[in-house]
Amino acid sequence: MSKRVRVRFAPSPTGGLHLGGVRTVLYNYLFAKKYGGDFLVRIEDTDQTRYVPGAEEYIFDTLKWCGLEPDESVQHGGSYGPYRQSERKESYRRYAEQLVQDGHAYYAFDTPEELEKMRQDFKTPENPSPQYDQTIRMKMRNSLTLSREDTAALLAAGTRHVIRIKMPAGETVSFTDMIRGEVSFDTGTVDDKVLLKADGMPTYHLAVVVDDQGMQISHAFRGEEWLPSAPVHILLWKYLFGLDQMPQWAHFPLILGPNGKLSKRDGAKYGFPVFAMNWADPKTGERTEGFKEKGFLPEAFINLLALLGWNEGTEQEIYSREELIEKFSMERVHSSGAKFDYEKAKWFNHEWMKRVDVHRLKPEVKALLSEKAIPVPDDKLLEKVIGLVKDRCTLLTDFVEQSSFFFATPETIDTGAVKPKWNEAKQLFFAELVRNYELADTWDAHTLENNFKEIASVNDLKPGELMLPFRIMLVGGKFGPGVFEIAAIIGKTDTIKRIETTLQLLK
RNA sequence: GGCCCGUUCGUCUAAGGGCUAGGACACCACCCUUUCACGGUGGUGAUACGGGUUCGAAUCCCGUACGGGCUACCA
């Protein structure tokens with residue numbers, strides 16, 4: 001009886017995909033998969049002036065990285081295409097004309113200059129932004145104020161015009177939002193939105209309704225910023241296809257930045273990424289760092305986004321994609337906005353770092369190290385190192401600092417950390433340690449530690465005071481896993497070499 | 001200004017009439033660790049305000065305040 005679940009994500013390809021966009025994708029995806037439905041991506045490129053090369057490609061790359069692949073799209077195919085609105089141009093005019101025929105819309109010939117003049121003329125302190133609505137439409141140049149003949153003549157002459165919806169007076173439009181419950185509007189307070197632009201392209205308002213119907217969308221999800229124009233869309237459904245055909249709506253709460261709505265433009269200012277992946281604006285050349293390049297795992301990114309506005313009602317916080325599909329429910333999506341907390345985001349990533357296994361991390365770490373020109377001799381060694389340090393990496397990029405000393409001699413040695421307490425006895429100790437290690441025929445952490453402690457005790461020195469210097473010698477700084485583990489991995493030659501190098505520096 | 005949405009620790013949230021208001025991040029302290037982390041224990045910290053409804057309200061209703069969104073031939 002009920003329709004097959006079909007949902008869509010409808011981005012306009014004008015730039016990078018930010019947090020809120022990805023979360024909208026996620027909730028769409030989870031909902032579709034939970035009910036065995038289809039998730040499709042429709043490109044809303046009806047504004048030709050805002051075309052940004054590469055943006056469409058970027059969106060699909062992002063979805064791929066996130067593991068949220070559509071079932072249908074310009075890239076994935078499907079039987080409801082085209083999935084790019086610019087390629088569906090022809091279908092919209094017909095509907096707009098039909099609305100005019102039925103008296104629900106009208107032709108408007110006002111030029112941009114005239115509209116600007118109207119906004120100036122009617123601007124008052126009480127009404128700072130006058131709208132093209134029922135109170136002023138009879139004062140403008142449109143098929144409502146012009147005679148039938150004049151209108152026909154203008155049209156015949158090819159005069160530039162738009163088609164506007166004629167919002168009825170004194171009606172209440174209401175609908176049930178899956179998240180907010182019943183929401184209602186007084187049609188008299190909504191303006192006569194443009195449906196078809198002068199260039200023949202539809203605006204979002206017309207296109208979303210026509211395409212949702214054409215693509216048999218069962219549930220229409222979008223951000224809360226669309227709530228104010230919902231009555232326009234409801235009316236369009238009523239006039240064009242009937243309310244019984246209309247999808248169910250849900251408006252997601254906004255994700256807020258430190259001050260209000262997360263803005264693409266503020267990308268760099270927050271001190272944390274807002275885009276999923278790096279985005280380079282082709283016009284300005286401006287680069288914005290993404291979560292991916294910042295060192296986030298897609299598993300963590302999805303996880304944190306899911307919990308930003310949805311909660312199962314338990315205390316669980318770590319969810320895999322599969323688990324999210326199983327547990328997600330639209331009823332438990334919040335109605336209030338959520339401020340993004342980068343500290344918590346990093347915590348999610350760290351949790352995933354700890355959970356995920358070495359092989360999952362290997363390709364990423366390998367790429368990262370090679371990017372930094374750090375030589376990795378063999379995979380087995382790399383696996384061992386990853387296993388040893390991954391728990392202390394919050395971000396993928398932390399691997400550089402946490403593991404490079406395994407593969408290359410540290411560039412700088414923090415001798416300052418040991419110099420104040422350095423003395424002759426310690427110098428002699430390490431000289432003896434070198435002689436001892438040179439003769440060692442088993443090279444494992446345990447043996448190394450035993451020999452180290454034995455020499456210390458023979459010389460009446462406390463091992464604790466010698467371990468920090470040893471660490472500095474091998475690692476270069478005060479961090480990393482157990483020192484003897486490190487020595488075991490870097491091997492006899494390098495261990496001895498590093499001790500001697502630092503010994504020289506400390507003399 | 002108008003319209004719409006919202007309001008539990010600093011942040012994300014749990015508790016959908018009965019409570020010592022729970023958890024997580026962050027912060028602080030201690031423990032563990034002869035580094036740095038991980039981990040463990042504990043602590044600081046919230047129902048915006050005012051009215052109702054009710055035996056009883058964070059929970060339901062109204063008002064106020066505050067926050068956010070929209071107010072383009074952009075989405």
Side-chain angles (χ1 to χ4, degrees), chain A residues 10-14 44-47 49-50 85 108 110-112 115-116 119 123-133 160-164 177 179-180 183-186 188-191 193-205 207-208 222-231 251 253-254 256 258-261 304 307-318 331 334-348 350-351 354 389-394 398 402 417 453 462-472 475 477-483:
Chain A
S12 79
T14 54
E44 309 239 340
D45 58 347
T46 54
D47 187 355
T49 65
R50 294 209 307 162
Q85 286 183 332
D110 316 279
T111 63
L115 288 174
E116 183 50 35
R119 291 194 185 100
K123 192 171 176 176
T124 61
E126 296 76 39
N127 184 11
S129 26
Q131 304 193 104
Y132 201 122
D133 59 16
R160 282 180 75 82
H161 65 277
V162 300
I163 292 180
R164 288 180 180 270
D177 185 281
I179 295 169
R180 288 151 217 281
V183 181
S184 51
F185 299 83
D186 175 357
T189 65
V190 182
D191 63 326
K193 296 249 183 266
V194 170
L195 264 20
L196 198 75
K197 298 187 268 190
D199 64 2
M201 279 289 196
T203 59
Y204 172 84
H205 308 295
V208 72
R222 65 216 322 189
E224 190 186 343
E225 68 269 28
W226 289 110
L227 210 39
S229 55
H251 292 85
L254 264 17
L256 285 348
N259 16 266
K261 192 185 180 186
L304 95 242
L307 274 282
L308 207 55
W310 170 83
N311 186 286
E312 193 198 343
T314 66
E315 280 172 3
Q316 183 176 346
E317 296 199 271
I318 303 299
E331 291 68 33
H334 306 152
S335 48
S336 54
K339 199 176 286 182
F340 180 69
D341 180 0
Y342 188 51
E343 294 307 317
K344 182 101 186 207
K346 284 193 288 190
W347 174 80
F348 272 108
H350 194 185
E351 288 303 305
K354 289 188 280 184
V389 306
K390 74 187 188 72
D391 284 9
R392 57 190 73 216
C393 293
T394 298
D398 292 339
Q402 290 294 336
K453 288 184 171 168
K462 275 184 269 183
E465 288 181 24
L466 298 163
M467 285 175 68
L468 181 63
F470 193 29
R471 169 175 298 279
I472 298 293
V475 176
K478 291 159 58 165
F479 60 92
V483 251

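Proteins come first, then strands; the chains are lettered A, B, ... in the order of their sequence lines, and each starts at number 1.
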- A/Tyr204/A/Thr46 under side chain to side chain contact (heavy atoms under 4.5 Å, CB included): CA gap, chis, key distance, verdict: CA-CA 8 Å; A/Tyr204 172 84; A/Thr46 54; 5.8 Å; no

- Using atom C1' of each nucleotide, how far apart are B/A46 and B/A21 to the nearest Å? 9 Å

- Is A/Arg164 touching bases, backbone alone, or none of the nucleic acid, heavy atoms closer than 4.0 Å? sugar-phosphate

- Span that lies between the P atom of B/A24 and that of B/G43, in whole angstrom: 12 Å

- Task: Using a strict 4.0 Å threshold on nitrogen-to-oxygen distance, state whether A/Lys344 and A/Glu317 make a salt bridge.
- Result: yes

- Across the strands shown, which category fits A/Leu115 at heavy-atom distances under 4.0 angstrom: base, sugar-phosphate, nothing? base

- Message: List the residues meeting side-chain contact (heavy atoms from CB on, under 4.5 Å) with A/Pro128, not counting sequence neighbours, and say none if there are none.
- Response: none

- Message: According to ring pair (Phe, Tyr, Trp, His ring centres under 6.0 Å), who are the partners of A/Phe348, at least two apart in sequence or on a separate chain?
- Response: none

I'd like a list of close polar pairs between nucleotides 5-11 of chain B and the protein, N/O only, cut-off under 3.5 Å.
unit_1: B/C5; atom_1: O2'; unit_2: A/Arg180; atom_2: NH1; d: 2.5
unit_1: B/C5; atom_1: O2'; unit_2: A/Glu224; atom_2: OE2; d: 3.1

- Query: Taking the side chain of A/Thr203 as its heavy atoms from C-beta onward, which of B/A75, B/U35, B/U13 lies nearest to it?
  - Reply: B/A75

- Task: Please work out if A/His251 contacts a base, only the sugar-phosphate, or nothing of the nucleic acid, heavy-atom cut-off 4.0 Å.
- Result: nothing

- Query: Is A/Asp47 touching bases, backbone alone, or none of the nucleic acid, heavy atoms closer than 4.0 Å?
  - Reply: sugar-phosphate

- Message: Can you see if the side chain of A/His334 gets near the phosphate of B/A14 - specifically, an N or O under 4.0 Å from OP1 or OP2?
- Response: yes

- Note on the structure: Of B/A24, B/U71, B/A75, the nucleotide closest to the side chain of A/Lys193 is B/U71

- Task: Just compare B/U35, B/A75, B/G1 and give me whichever is closest to any side-chain atom of A/Arg392.
- Result: B/U35

- Is it true that A/Asp341 and A/Lys339 have a side-chain N and a carboxylate O under 4.0 angstrom from each other? no

- Query: Are OP1 or OP2 of B/G39 and a side-chain N or O of A/Lys354 less than 4.0 angstrom apart?
  - Reply: yes

- Task: Show your working on side chain to side chain contact (heavy atoms under 4.5 Å, CB included) between A/Arg50 and A/Ser12 and close with a plain yes or no.
- Result: CA-CA 9 Å; A/Arg50 294 209 307 162; A/Ser12 79; 3.8 Å; yes

- Quick one: label A/Pro253 by what it contacts on the DNA or RNA (base, sugar-phosphate, nothing), any heavy atom closer than 4.0 Å. nothing

- Distance, P atom - from B/G45 to B/G22, rounded to whole angstrom: 12 Å

